[in-house]
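Note sheet for the following structure.
Heavy atoms only: backbone and side chains are in, while hydrogens, waters and symmetry mates are out. In the text below, chain A, chain B and the rest are named by the order of the sequence lines, each starting its count at 1.
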Number of protein chains: 2
Amino acid sequence: MQKTQFFFIYKIMAFIEHVDLTKRVYEELKKMILEGELKPGEKILQEKIAKQLGISRTPLLKALQMLEYELLVECIPRRGMYVKKLTTREIIDVFYAREVLEGLAARLSAQKISDDQIAQLRGLFEPFLQNTNNISFEAYEKADRRFHIMILKISDSTVLNRLEMIGNVLLIAYQASLVRPPSETLSEHIAIIDAISTRNGDLAERLCRDHISKSRAKLAKEIEIQQSKE
Amino acid sequence: MQKTQFFFIYKIMAFIEHVDLTKRVYEELKKMILEGELKPGEKILQEKIAKQLGISRTPLLKALQMLEYELLVECIPRRGMYVKKLTTREIIDVFYAREVLEGLAARLSAQKISDDQIAQLRGLFEPFLQNTNNISFEAYEKADRRFHIMILKISDSTVLNRLEMIGNVLLIAYQASLVRPPSETLSEHIAIIDAISTRNGDLAERLCRDHISKSRAKLAKEIEIQQSKE
DNA sequence: CTTTTAAATTTTGAATGCAAAAAACACAAT
DNA sequence: ATTGTGTTTTTTGCATTCAAAATTTAAAAG
């Protein structure tokens, strides 16, 4: 049997097994945190969670370390792992980074996007174009988040697609009602898609940056309001 | 004894010990990789390295996982950990990201930089301003790399300062002679410092982007040349 | 009742142990 | 010489174990 044949057999086996404990635990933990089952600031009781998931601390710790890089978990040495409670500064810092990174993603996407992908992007907001003043916020949130992730995917940048924290923080911002309403953002999204699909990378970048810059401004204002209430 | 007093005692203890095996191993491994003691593509023999460093596989694996996020190590499931051999695509992707991220860093730095920090930035290139055509490449490389890292630090962004991969890939680009000569970049560096120290954030961002964009172009060209030689 | 001190319990960071998978080796068959 | 097969060795991923540190609880002193 040849080396190349072995290669394919290994590929298939890796596909079949799918019994990577760390990956499984990573997914479950991420879900638990993002769905609020584990709350920000809460200590992660390793033994307890491990027992709950029917595993040992070894793969749990590996998964927690991954989530640390995604800003979902914080490790305090000799104290333990905690569900990360993002500071306002951190959220704003992520939005500053999103501003330029997703701008870049839009620029690159304009160069590489396929017709199929254009249709996919447009499809996301199709449902909201008719009844502009009767939009389901929940459905729109999903479309919005998918949109931003999809542009990163389309940009096909190995770097941009490693930054899971972008999607996580956008979700967290939604959960904390720190975002702008569809009435403001829908037209911006459409304009970005238009620029990308006409291969106008510079315009796409500028529009995407402005879009997120405005969101960041709103977010900063919203945080200030919330904090003054306390 | 009061709680606050305990707090300080703990702080002091954390400072004294400094015996975090993972951190120590992380530093040593990173050095080994960046100094070429472990070569790109090479398999990391865990048992061997662990014995070499006088530790077990547990902290070694944790350090390796950290280095994975820095693009210095690659994990292939059920095969092992390898010193990452960056593809040309990955290097270019990092430079695209650097372009916008360091642009952002320059913009933010212009808002926050202190007089002391301005002096520090200027000090980096002071030695090269006299004998412009008699520059030690080695010394200049160090200054150049320090400059880019320092701007990230000055920007004081929690996000930008987590992206260790930026510094690593810049070093790797230097090692592979994929960079532009001081005769080109020195004046650009000075212009960026000027823009930052006059608090002109927009200009600083634009100049920094252009600077890295040009470096990326050079890098892409250089890679093409090197590959055509093979 | 509050604070201090001491003892008991839990949790962390790291070493060790171990089954299953992968790689290396040896050798037979084409 | 190359390909295939069976065997041995090594390595991986995970579980387990354990000492040191942190936390909690309990008792004693003010």
Next on the checklist: Using heavy-atom distances to pick each residue's nearest nucleotide on DNA chain C, tell me which of Arg57(A) and Pro77(B) is more 5'.
Outcome noted: Arg57(A)
Checklist entry - Can you tell me if the side-chain N/O atoms of Arg79(B) get under 4.0 Å from OP1 or OP2 in dA23(C)? => result yes
Next on the checklist: When you measure from the side-chain N and O atoms of Ser56(A) to the phosphate of dA15(D), is any distance below 4.0 Å, counting only OP1 and OP2?
Outcome noted: yes
Next on the checklist: Rounded to whole Å, how long is the line connecting atom CD1 of Ile49(A) with atom P of dT11(C)?
Outcome noted: 12 Å
Checklist entry - For the residue pair Tyr140(B) and Phe125(B), does the interplanar ring angle fall in the parallel (under 30°), tilted (30 to 60°) or perpendicular (over 60°) class? => result tilted
Checklist entry - Out of dA15(D), dG13(D), dA14(C), which has the shortest distance to the side chain of Ile55(A)? => result dA15(D)
Checklist entry - Should the pair Glu138(B)-Lys142(B) be classified as a salt bridge under the 4.0 Å nitrogen-to-oxygen rule? => result no
Next on the checklist: Evaluate Lys84(B) against Glu90(B) for salt bridge (Lys or Arg N to Asp or Glu O under 4.0 Å), listing each step before the verdict.
Outcome noted: CA-CA 11 Å; Lys84(B) 184 143 180 70; Glu90(B) 284 170 324; 3.1 Å; yes
Checklist outcome for this item: Assert: residue with more 5' nearest nucleotide on DNA chain D, out of Thr58(B) and Ile44(B), is Ile44(B)
Item to check | Contact under 4.0 Å: Lys43(A) side-chain N or O vs dT12(C) OP1/OP2 | outcome: yes
Checklist outcome for this item: Leu64(A) CG to dG13(C) P, in whole Å, measures 11 Å
Next on the checklist: I'd like to know whether CZ of Arg146(B) has more than 12 heavy-atom contacts from other residues, nucleotides or ligands below 6.0 angstrom.
Outcome noted: no
Checklist entry - Within this structure, what is the CD1-to-P distance between Ile76(A) and dA22(D), rounded to whole angstrom? => result 13 Å
Next on the checklist: Tell me the interatomic distance from Glu47(B), atom CD, to dA23(C), atom P, rounded to whole angstroms.
Outcome noted: 17 Å
Next on the checklist: Expressed as a whole number of angstroms, how long is the span from Lys51(B):NZ to dA15(C):P?
Outcome noted: 14 Å
Item to check | Options dA15(D), dA22(D), dA15(C), nucleotide nearest the side-chain atoms of Leu21(A) | outcome: dA15(D)
Checklist entry - Has Thr22(B) got a side-chain N or O lying under 4.0 Å from the OP1 or OP2 atom of dA14(C)? => result yes
Checklist entry - Rounded to the nearest Å, what distance is computed from the NZ atom of residue Lys23(A) to the P atom of nucleotide dG13(D)? => result 13 Å
Next on the checklist: Once you apply a heavy-atom cut-off of 4.0 Å, does Leu45(A) come out as touching a base, just sugar-phosphate, or nothing?
Outcome noted: sugar-phosphate
Next on the checklist: Please report the distance, rounded to the nearest Å, between CD in Gln46(A) and P in dA22(D).
Outcome noted: 15 Å
Item to check | Asn168(A) side-chain N/O to Leu71(A) backbone N/O, donor-acceptor pair under 3.5 Å | outcome: no
Checklist entry - Which residue lies toward the 5' end of DNA chain D, Tyr82(A) or Gly54(A), if each is placed at its nearest nucleotide? => result Gly54(A)
Checklist entry - Can you tell me how far P of dG13(D) sits from CG of Leu60(A), to the nearest Å? => result 17 Å
